[in-house]
Amino acid sequence: MPVVSVQDVARYDGQEVTLRGWLYNLRESGKLLFPIFRDGTGTIQGVVSQKDQPAAFEALRGLTQESSIIVSGKIHADPRAPGGFEIQIRAVEVVRRVPDETPYPIQLKEHGVDFLLDQRHLWIRTPRQAAILRIRAEAIRAAREYMDSQGYILTDAPIFTPAACEGTTTLFEVQYFDDEKAYLTQSGQLYVEATAMALGKVYTFGPTFRAEKSKTRRHLTEFWMLEPEAAYAHLEDIMVLAEGLVSHVVQSVLKSRARELETVGRDCSKLASVIPPFPRITYDEAVRILQEQGKSVKWGDDFGGDEETVLSSTYDRPVMVHRYPTAIKAFYMQPDAERPELALGFDVLAPEGYGEIIGGGERIADYDLLVKRLREHNLPEKAFSWYLDLRRYGGVPHAGFGLGLERTVAWICGTEHIREVIPFPRMIYRVYP
Ligand code: 4AD
Ligand code: MG
């Protein structure tokens, strides 16, 4: 008898199969039992009657939620069954019964989110959470596929670093052996700038860390970032790459994870339009739009979540805002030659209030200007000595960006908070489990 996954049962209509998984739910109705199994790829309802299959019936009767079981039976197309198929059970093997004294803590009712986060190691078993993690995996696969297809070479950046990349206020400090301090990386950017000078077009994809005191639905202290960097690239080049990457990820999820998007209740029509070109507006225009909408921003302010939501709300796909004031951007941003008070940087703002999913731009290529900026930002020149070497030894214009994976996946899934789209979220008040 073939051992099959729940996601593949449609191919076995009318056939006897074996499913291996867990008891997700059990409805008892007199002489009939209706168990729901899950195996990680989906859920399927089973049916077993006391009269026809007494042994299987007894094995399942009173079985506790999340007991592990192997069942065999006939797959049967039934339009009334959730998912369109059910399994008519003939045999049951209970692998491990959950003891009655320690019932599974997550019941099929509404629980508070703090409780669920404490049970995150179990919460990920529920169909919605499992679907989100499958979508995340597809987003990662598609993102790497796109970068590889564009000739970018994966060069991993270190996690222990000697200096800040994105401001000194969100650094996690670690004692690095006896008398050295190191920091968990905030971004792999500085290192991919080095590998870009070595290999041309590169990217890094890994966890990054920010000691963010923010408790917003968009902030984690540990999140994943995909960061491309290209030698001889300018702002416009990298914006084209960004829109191509985002659309490829969205379209791949739509194509390969339609079932999961349905499980999470996503309105997919809102994602179908995510194809290049994305609208582009300057920071100047963005300020004007916000003022027209009655927001109290003035030129020179950075945008918060509210402003981003207003800016993105008029478009059916992400909007790219470019040329922000130099003063509110990171030390490495190349100034616009025509208006040096502007940085050649850009953000990609996702629709539906999901905010900034990408930040990036063109980097300073000039040695002297970079030294000046390090000093203005009070950054330790010694720790950046290697980074200055990249300008000393054949500096060239180059550009890149960082795509925040969790914000991107949260938008694709339509989840309220980004904590749901990473297997084990790390936030200001949470490092457990
Ligand atoms: O805009 P950020 O800070 O840019 C950088 O780190 C650049 N060094 C990247 C580069 O040019 N290579 O962060 C990039 C993206 C943001 O747009 C956002 O999507 C995500 O990383 N991000 C966060 N995601 C979750 N939680 C946080 N605390 C985040 N901070 C940034
Ligand atoms: Mg940013």
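Heavy-atom basis, side chains included; hydrogens, waters and symmetry copies ignored. Counting starts at 1 for both ligands and their atoms, following the listed order.
Set against the non-hydrogen atoms of R218, the atoms of ligand 1 under 4.0 Å away are 25 (C), 26 (N). Counting atoms of ligand 1 from 1 in the listed order, those under 4.0 Å from a heavy atom of I358 are 17 (O). Near I357, meaning under 4.0 Å from any of its heavy atoms, are these atoms of ligand 1: 17 (O), 19 (O). Near Y332, meaning under 4.0 Å from one of its heavy atoms, ligand 1 places the atoms 7 (C), 8 (N). Heavy-atom contacts of R363 reach the following atoms of ligand 1: 10 (C), 11 (O), 12 (N) (cutoff under 4.0 Å). Taking a cut-off of under 4.0 Å to the non-hydrogen atoms of G359, the atoms of ligand 1 that pass are 1 (O), 9 (C), 10 (C), 11 (O), 17 (O). Listed by atom number, the atoms of ligand 1 under 4.0 Å from G360 heavy atoms are 11 (O). With ligand atoms numbered from 1 in the order given, ligand 1 contributes 8 (N), 9 (C), 10 (C), 12 (N) to contacts under 4.0 Å with heavy atoms of E227.
Note on R280 versus E285: no salt bridge recorded, every NZ/NE/NH1/NH2 to OD/OE distance being 4.0 Å or above. By the 4.0 Å N-to-carboxylate-O rule, R323 lies too far from D284 to be salt-bridged with it. With salt bridges taken as basic N to acidic carboxylate O contacts below 4.0 Å, one links E229 and R363. For E193 and R391, the salt-bridge test passes: some basic side-chain N is under 4.0 Å from an acidic carboxylate O. With salt bridges taken as basic N to acidic carboxylate O contacts below 4.0 Å, none links R257 and E262. Using a cut-off of 4.0 Å between Lys/Arg side-chain N and Asp/Glu carboxylate O, E376 and R373 are scored as salt-bridged. Taking 4.0 Å as the cut-off between side-chain N and carboxylate O, R217 and E406 do not count as a salt-bridged pair. For R288 and E292, the salt-bridge test passes: some basic side-chain N is under 4.0 Å from an acidic carboxylate O. Between E381 and R375 there is a salt bridge, since at least one side-chain N of the basic residue sits less than 4.0 Å from a carboxylate O of the acidic one.
Scanning the protein heavy atoms around atom 15 (C) of ligand 1, the nearest turns out to be G402 O, 3.7 Å. Of the protein's heavy atoms, E356 OE2, 2.9 Å lies nearest to atom 1 (O) of ligand 1. Nearest non-hydrogen protein atom to atom 26 (N) of ligand 1 is L220 N, 3.0 Å. Residue, atom and distance of the protein heavy atom nearest to atom 30 (N) of ligand 1 are F223 CZ, 3.4 Å. Of all protein heavy atoms, the one lying nearest to atom 7 (C) of ligand 1 is E166 OE2, 3.3 Å.
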In sequence, state the C-alpha distance, the side-chain angles, and the governing distance for Y203 and D156, and then conclude on side-chain hydrogen bond (donor to acceptor under 3.5 Å, both in side chains).
CA-CA 7 Å; Y203 68 107; D156 304 308; over 6 Å; no
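Side-chain N or O atoms of S252 include none that pairs as donor or acceptor with a backbone N or O of A142 at under 3.5 Å. Looking only at distances, a side-chain donor or acceptor of S67 sits under 3.5 Å from a matching main-chain atom of V98.
For ligand 1, the polar-atom distance check finds no N/O of I418 at less than 3.5 Å from any of the ligand's N/O atoms. Below 3.5 Å of separation, one finds no N or O of E229 facing any N or O of ligand 1.
Comparing R426, R210, Q186 against atom 2 (P) of ligand 1, the shortest heavy-atom distance belongs to R210.
H219 counts as a contact of ligand 1, since one of its heavy atoms falls under 4.0 Å from the ligand. Using a non-hydrogen distance threshold of 4.0 Å, M427 does not register as a contact of ligand 1.
Between the side chains of T41 and S5, not a single donor N or O lies within less than 3.5 Å of an accepting N or O.
Screening I87, V94, T18 against V71 for a side chain to side chain contact (heavy atoms under 4.5 Å, CB included) leaves a single residue, I87.
Taking the six-membered ring for Trp and thresholds of 30 and 60 degrees, F384 and F331 have ring planes more than 60 degrees apart, a perpendicular arrangement.
Residues satisfying the ring pair (Phe, Tyr, Trp, His ring centres under 6.0 Å) criterion with Y152, sequence neighbours excluded, are absent altogether.
The backbone of F401, and not its side chain, has at least one atom closer than 4.0 Å to an atom of ligand 1 (non-hydrogen atoms only; backbone = N, CA, C, O). Under 4.0 Å from ligand 1, the heavy atoms of E212 that appear belong solely to its side chain.
Near the Mg ion (ligand 2), less than 2.8 Å away, sit the protein N, O or S atoms E356 OE2.
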